[in-house]
Engineer: 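Following this message is one structure expressed as structure tokens.
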Amino acid sequence: MKLALHSAIVLSLLPLHAYELHEWGTFTTVSGSDGQLLIGLQREEEALPNYVRHHPGFKHVAPAFGQLHPVPAFPIFIKRAPLPVKNVKVKMETPVIYFHSEDPFTAKVKVGFKGGTIAQWYPERSGGEKFPTSSGECHPKRTHLDFAQPYDGAIEWKIEVLSREESRSTSLFNPEDILQWTYSRVPEANVVRDSKGNTEGFLFYRGLGSFDPGLITRISEDETLHLENLTGGEIPYTLVYERQPDGSTRWIEAGSIAEGQTLSTRQSQLEARPKGFDRELFTTLSENLADQGLLASEAEAMVKTWWKSYFETPGLRVFWVLPQERTDAILPLSVEPAPEKTIRVIVGRSEVLRPSQEREWLGLANSDDKKERARWTQLVWNDRFGEAFKQRVLALQAQAKR
């Protein structure tokens, strides 16, 4: 009886719209073996539904129906077209914000981006930065954001959060949906509705910029990976993964990294895995993301959304959870009314070039053989990080001339 009375008193003291806010997302960087972050990350990697909003010049291209990765008829990729940005070191990819509430309420949400632009979003925003255009035209004329200069972006939403009951009876189906987008919807989250009546199971935003996330990734000549934590806090979880061009994979959980600590992983420490879908990897990563506070469904939604990009493309990459303080400094968040609890899980995805890979590319770029030079040109043109690879090879060529 006393326990029931105590619970009733506690509930009566809670805010009228007590709710939780959960968020997940990814930052992507590419570094040379020397640990220097490379520019040239403005190419789109994952398509978005055509109904997603964007700044002029940041139009995304969704794949054809039934395709995850469209095959173009010509060697020019529309989604590879240059965006009106320069010196991009970081891609902020697919942060989504969920609301968990029994009751309906109106929310005002503002997210800042220290060092970047929030260029794509959904549903419709109510405010935020305005991309500089010429004469109000649909596409900028010789107008760029140069991230070699300081820049702070922002976005605002004023949305209705539907009650849990109404959310369950609201269909989110849209004929223009694509698979990765629908992966992000979870059954527990409330539906949100903007001023134009658009509904979705989350708030979505994506951007580009230039800042130092705080993890230095270097690879020594003996192919040992060194991770130095300069984020200002403890990195709670780290996973090192590598996929070879032949489809073979290997990975290891590196655990947490204290502030100022350097963690080293030898190539031989990466555990070779059988080809095909690695369910253990899926489960391990999902469970560790849930350990950071996400619901199990939210953690799995993140891994499903990014599975192909994370684990089915060649390369060595480090996945690590940004310390909460670092997340809040890069992406300051304010919400009215304030949530009773906020969970933010932002994963750094650090692509790292091995010295052996750099030597191979340098050889192709310097080759007298036309076919080898053509292979290099094709990589630079077609790969999602081709511009960054080019910058690294140019730096190595410059070093060789000194």
Engineer: Do Val347 and Leu289 pass the side chain to side chain contact (heavy atoms under 4.5 Å, CB included) test, and can you show the C-alpha distance, the side-chain angles, and the key distance before you say yes or no?
Structural biologist: CA-CA 9 Å; Val347 174; Leu289 292 175; 3.7 Å; yes

Engineer: Is there a salt bridge (charged side-chain N to carboxylate O under 4.0 Å, His left out) between Glu200 and Arg185 once you walk through the steps?
Structural biologist: CA-CA 8 Å; Glu200 190 46 87; Arg185 295 171 182 158; 2.8 Å; yes

Engineer: Taking Ser248 for its side chain and Gln244 for its backbone only, find out whether a donor-acceptor pair lies under 3.5 Å.
Structural biologist: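 No, Ser248 side chain to Gln244 backbone: no donor-acceptor pair under 3.5 Å.
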
Engineer: How long is the span from the CD1 atom in Ile235 to the CG atom in Leu230, to the nearest 0.5 Å?
Structural biologist: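 Reported value, rounded in 0.5 Å steps: 9.0 Å.
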
Engineer: Hey, does the side chain of Gln269 reach the backbone of Arg266 with a donor-acceptor pair shorter than 3.5 angstrom?
Structural biologist: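 Yes: the side chain of Gln269 pairs with the backbone of Arg266.
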
Engineer: For residues Ser184 and Thr305, is any side-chain donor paired with an opposing acceptor at under 3.5 Å?
Structural biologist: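 Yes, Thr305 and Ser184 have a side-chain donor paired with an acceptor closer than 3.5 Å.
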
Engineer: Going by atom types alone, do Thr262 and His226 pair a side-chain donor with an acceptor below 3.5 Å?
Structural biologist: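 No, no side-chain donor-acceptor pair sits under 3.5 Å.
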
Engineer: Report the distance from atom CD of Glu176 to atom CG of Leu48, rounding to the nearest 0.5 Å.
Structural biologist: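 Separation between the atoms: 12.0 Å.
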
Engineer: In sequence, state the C-alpha distance, the side-chain angles, and the governing distance for Leu239 and Ile252, and then conclude on side chain to side chain contact (heavy atoms under 4.5 Å, CB included).
Structural biologist: CA-CA 6 Å; Leu239 185 144; Ile252 186 174; over 6 Å; no

Engineer: Does anything in residues 215-227 pair up under salt bridge (charged side-chain N to carboxylate O under 4.0 Å, His left out), and if so which pairs, sequence neighbours excluded?
Structural biologist: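 Qualifying pairs, neighbours excluded: Arg218-Glu228, Glu221-Arg359, Glu223-Arg354.
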
Engineer: List the steps and the verdict of side chain to side chain contact (heavy atoms under 4.5 Å, CB included) for Ser256 and Tyr237.
Structural biologist: CA-CA 5 Å; Ser256 61; Tyr237 178 72; over 6 Å; no

Engineer: State plainly whether the residues Glu242 and Arg250 are in salt-bridge range, i.e. N to O under 4.0 Å.
Structural biologist: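 Result for this pair is yes, salt bridge flagged.
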
Engineer: Heavy atoms, side chains only, cut-off 4.5 Å: are Phe385 and Thr28 in contact?
Structural biologist: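 The answer is yes, as the side chains (C-beta and beyond) meet within the 4.5 Å cut-off.
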
Engineer: Would you please name every residue forming a ring pair (Phe, Tyr, Trp, His ring centres under 6.0 Å) with Phe277, sequence neighbours left out?
Structural biologist: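 Only Trp307 meet the ring pair (Phe, Tyr, Trp, His ring centres under 6.0 Å) criterion with Phe277.
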
Engineer: Name the atoms and distances for all side-chain donor-acceptor pairs under 3.5 Å in residues 34-41, with sequence neighbours left out.
Structural biologist:
residue : atom : partner : partner atom : Å
Asp34   : OD1  : Gln36   : N            : 3.1
Asp34   : OD2  : Arg392  : NH1          : 3.3

Engineer: Between Arg193 and Glu160, does at least one N-O distance fall below 4.0 Å, as a salt bridge requires?
Structural biologist: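 Looking at Arg193 and Glu160, the cut-off is met.
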
Engineer: Got a sec: does the CZ of Arg373 have more than 12 other heavy atoms crowding it under 6.0 Å?
Structural biologist: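 Yes - once you tally the heavy atoms of other residues, nucleotides and ligands closer than 6.0 Å, there are more than 12.
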
Engineer: Between Thr170 and Thr199, is there a side-chain donor-acceptor contact under 3.5 Å, judged purely by atom types and distance?
Structural biologist: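 No donor-acceptor contact under 3.5 Å links the two side chains.
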
Engineer: Under 3.5 Å, which donor-acceptor pairs link side chains of residues 293-301 to any protein atom two or more places apart or in another chain?
Structural biologist:
residue : atom : partner : partner atom : Å
Ser297  : OG   : Glu188  : OE1          : 2.8
Ser297  : OG   : Glu188  : OE2          : 3.2
Glu298  : OE1  : His22   : ND1          : 2.8
Glu298  : OE1  : Leu295  : N            : 2.9
Glu298  : OE2  : His22   : ND1          : 3.2
Glu298  : OE2  : His100  : NE2          : 2.7

Engineer: List in chain and number order the residues that pass side-chain contact (heavy atoms from CB on, under 4.5 Å) with Thr249, two or more places apart in sequence or in another chain; answer none if no residue qualifies.
Structural biologist: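 side-chain contact (heavy atoms from CB on, under 4.5 Å) check on Thr249 returns Tyr241, Arg243, Arg273.
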
Engineer: Taking 4.0 angstrom as the limit, do Arg43 and Glu387 come out as a salt bridge?
Structural biologist: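 Salt bridge: yes.
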
Engineer: Which residues satisfy the ring pair (Phe, Tyr, Trp, His ring centres under 6.0 Å) test with Phe319, sequence neighbours excluded?
Structural biologist: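 For Phe319, the residues satisfying ring pair (Phe, Tyr, Trp, His ring centres under 6.0 Å) (neighbours in sequence not counted) are Tyr310, Phe311.
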
Engineer: Just how far is it from atom CG of Leu215 to atom CZ of Arg326, taken to the nearest 0.5 Å?
Structural biologist: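 Interatomic distance, Leu215 CG to Arg326 CZ, rounded to 0.5 Å: 10.5 Å.
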
Engineer: Are Met92 and Ile330 side-chain neighbours, meaning at least one heavy-atom pair lies under 4.5 Å?
Structural biologist: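 The answer is no, as the side chains (C-beta and beyond) never meet within the 4.5 Å cut-off.
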
Engineer: Under the side-chain contact (heavy atoms from CB on, under 4.5 Å) test, which residues partner Asn198, sequence neighbours left out?
Structural biologist: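 Result, side-chain contact (heavy atoms from CB on, under 4.5 Å) vs Asn198: Arg53, Tyr122, Pro123, Asp194, Lys196.
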
Engineer: Between Val318 and Thr238, is there a side-chain heavy-atom distance shorter than 4.5 Å?
Structural biologist: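 Yes - at least one pair of side-chain heavy atoms lies under 4.5 Å apart.
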
Engineer: Kindly write out the residues that satisfy ring pair (Phe, Tyr, Trp, His ring centres under 6.0 Å) with Phe27, not counting sequence neighbours, or none if the list is empty.
Structural biologist: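 For Phe27, the residues satisfying ring pair (Phe, Tyr, Trp, His ring centres under 6.0 Å) (neighbours in sequence not counted) are Phe211.
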
Engineer: For a 4.5 angstrom cut-off between non-hydrogen side-chain atoms, does Gln180 reach Lys308?
Structural biologist: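 They are in contact (side-chain heavy atoms under 4.5 Å apart), so the answer is yes.
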
Engineer: Where the side chain of Gln378 meets the backbone of Arg375, is there a donor-acceptor pair that is under 3.5 Å apart?
Structural biologist: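 No.
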
Engineer: Taking the six-membered ring for Trp, are Trp24 and Phe202 ring centroids under 6.0 Å apart?
Structural biologist: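 No, too far apart.
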
Engineer: Once rounded to the nearest 0.5 Å, what's the spacing between atom OG of Ser210 and atom NZ of Lys86?
Structural biologist: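 Answer rounded to 0.5 Å: 14.0 Å.
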
Engineer: Compute whether any side-chain donor of one residue and acceptor of the other, for Thr26 and Glu93, lie under 3.5 angstrom apart.
Structural biologist: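 Judged by distance alone, the side chains do not pair up.
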
Engineer: Using side-chain hydrogen bond (donor to acceptor under 3.5 Å, both in side chains) as the criterion, list what pairs up with Glu372, not counting sequence neighbours.
Structural biologist: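 Counting only residues at least two positions away or on another chain, Glu372 forms a side-chain hydrogen bond (donor to acceptor under 3.5 Å, both in side chains) with Ser367.
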
Engineer: Tell me, do Thr117 and Phe113 make a side-chain contact under 4.5 Å, heavy atoms counted?
Structural biologist: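 The answer is no; the side chains never approach within 4.5 Å.
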
Engineer: Between Glu166 and Val191, is a side chain to side chain contact (heavy atoms under 4.5 Å, CB included) present by the stated rule, with each step listed?
Structural biologist: CA-CA 8 Å; Glu166 186 177 359; Val191 170; over 6 Å; no

Engineer: Taking the basic N atoms (NZ, or NE/NH1/NH2) and the acidic carboxylate oxygens, is any pair closer than 4.0 Å for Glu351 and Arg349?
Structural biologist: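 A salt bridge is present here (some side-chain N lies under 4.0 Å from a carboxylate O).
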
Engineer: Please identify each residue that fulfils side-chain contact (heavy atoms from CB on, under 4.5 Å) with Asp328, with sequence neighbours left out.
Structural biologist: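 Scan of Asp328 (side-chain contact (heavy atoms from CB on, under 4.5 Å), adjacent residues dropped) gives Gln324, Arg344.
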
Engineer: Please lay out, stage by stage, how Phe389 and Trp361 fare under the test ring-ring contact (aromatic ring centres under 6.0 Å, His included).
Structural biologist: CA-CA 8 Å; Phe389 299 161; Trp361 289 342; 4.4 Å; yes

Engineer: With side chains defined as the heavy atoms from C-beta onward, is the minimum distance between Tyr205 and Leu331 less than 4.5 Å?
Structural biologist: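 Yes, their side chains come closer than 4.5 Å.
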
Engineer: Checking Trp121 now: which residues fulfil ring pair (Phe, Tyr, Trp, His ring centres under 6.0 Å) with it, not counting sequence neighbours?
Structural biologist: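 Partners of Trp121 under the ring pair (Phe, Tyr, Trp, His ring centres under 6.0 Å) test: His55.
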
Engineer: Please report the shortest heavy-atom distance between Phe105 and Ala107, naming the atom on each side.
Structural biologist: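 Taking Phe105 first and Ala107 second, the nearest heavy atoms are CE1-CB, 3.7 Å.
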
Engineer: Does the side chain of Glu44 come within less than 4.5 Å of Arg206's, by heavy atoms?
Structural biologist: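 Side-chain contact under 4.5 Å: yes.
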
Engineer: Do Glu129 and Tyr151 meet the criterion of a side-chain donor-acceptor pair at a distance under 3.5 Å?
Structural biologist: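 Their side chains do contain a donor-acceptor pair, which is all the 3.5 Å distance test asks for.
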
Engineer: Regarding Tyr51 and Trp181, do their side chains bring together a donor and an acceptor under 3.5 Å, going by distance alone?
Structural biologist: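 There is such a pair between these side chains.
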
Engineer: Could you grab the distance from atom OG of Ser126 to atom CD of Glu156, nearest 0.5 Å is fine?
Structural biologist: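 Those atoms lie 5.5 Å apart.
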
Engineer: Kindly compute the distance separating CG (Leu203) from CG (Leu21), expressed to the nearest 0.5 Å.
Structural biologist: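 Result: 8.0 Å between the selected atoms.
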
Engineer: Do Glu102 and Tyr19 have a side chain donor and acceptor closer than 3.5 Å?
Structural biologist: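 No donor-acceptor contact under 3.5 Å links the two side chains.
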
Engineer: Using side-chain heavy atoms (C-beta onward) and a distance below 4.5 Å, is Val109 in contact with Phe99?
Structural biologist: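 They are in contact (side-chain heavy atoms under 4.5 Å apart), so the answer is yes.
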
Engineer: Who pairs with Glu259 by side-chain contact (heavy atoms from CB on, under 4.5 Å), at least two apart in sequence or on another chain?
Structural biologist: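 Listed in chain order: Asn229, Thr231.
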
